[in-house]
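One structure is given here, and the rest of the page talks about it.
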Amino acid sequence: MTRTLPMLIAALLTIVGSAAQANVISNGSFETPVTSTLIVVGAGDPTITSWTVGLVGVDLVNAAGNGFVNGAAADGAQYLDLDGSPGPGSITQTFATTPATQYTLTFDYANNYTTPGTAQALVQVADGANTYLSDVISHSTSVSGNLDWTSYPSFTFTAQQASTTLSFMSMSGGVFGGIMLDKIEVNAVPEPASMGLMGLAATCFFVVRRRRLSV
Ligand SMILES: [Ca+2]
C-alpha cells in the first residue's frame, strides 16, 4: 500500500499536468516545413503545415539563412513574416476546442526592420458565433542582430464551440516589412476539477510522507 499509493499519485499528477499543458495549435513555431533560406508562400498555398495563408502572401523564414533579416528566432530556427515577398498576408488555423473550457493564447512578435517604421497586424480569436479577441499589435523596435521579440500578454477565453479559429492579418502598408510571428500556443487552462485532483494528490502525498516519517 505505502509503495503503490505514491506511484499512483505520481501517475495522476503526470496525467493532470500534461492535460493542463496541452497546446492545441499545430506548427505554431513555424518549424515545418524545414527551409535553410526562405520560402515565399502565396494565398491558398498549403506549404506551411497546419496554416491557411490569405491576402497576398507571407514568408516562412530561416533566421540564419534568409539573407535579408539578421536575428535569432524566438523559438527554434524559423519564424513567419506576415508580409511576404510581396505581401501583405494573413494566416489562419482552426483548432479543436471543448465548449466551456478555458484556453490561453500566447505568442511572440517582432517586425521586419528592412522596411522602416511600425508594423501592425490584427489578431483575432473567433468561432462562427463569437469573437473572443480582436486586437491590433504594433512593433517597431527590431534591429539587425536583435529582433527584440515581444511576448503578447496572455489572453484567456472560454470556448463556446467544438472548434475555434485563430488568425493574424497584416495591417502594414509596405509589401515586404511586416509583423513577424513565432511560438504561437493555445493551452487549455486547468479545470477546477483538475485542480481539485491535483490538490487531492498533493494531500495524499503529504499524508503518506508523514506516515512514513512517523514509523
Ligand atoms: Ca520558430
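Start at 1 and go down the list; that is how both ligands and their atoms are numbered.
Cluster annotation: Ile184 and Leu147 are assigned to distinct hydrophobic clusters (Ile/Leu/Val/Met/Phe/Trp/Tyr, side-chain heavy-atom contacts under 4.5 Å, transitive).
For residue Tyr79, no N/O/S atom approaches the Ca ion (ligand 1) to within less than 3.0 Å.
The name of the N, O or S atom in Asp182 nearest to the Ca ion (ligand 1) is OD1. Within Glu31, the N/O/S atom positioned nearest the Ca ion (ligand 1) carries the name OE2.
Rounded to 10°, the angle formed at the Ca ion (ligand 1) by Asp75 O and Gln78 O is 110°.
Residues passing the ring-ring contact (aromatic ring centres under 6.0 Å, His included) test with Tyr132, sequence neighbours excluded: Phe157. Looking at residues two or more places apart in sequence or on another chain, you find a side chain to side chain contact (heavy atoms under 4.5 Å, CB included) between Val143 and Asn146.
Of the candidates Asp108, Thr106, Asp135, Asp135 is the only one forming a side-chain hydrogen bond (donor to acceptor under 3.5 Å, both in side chains) with Tyr152.
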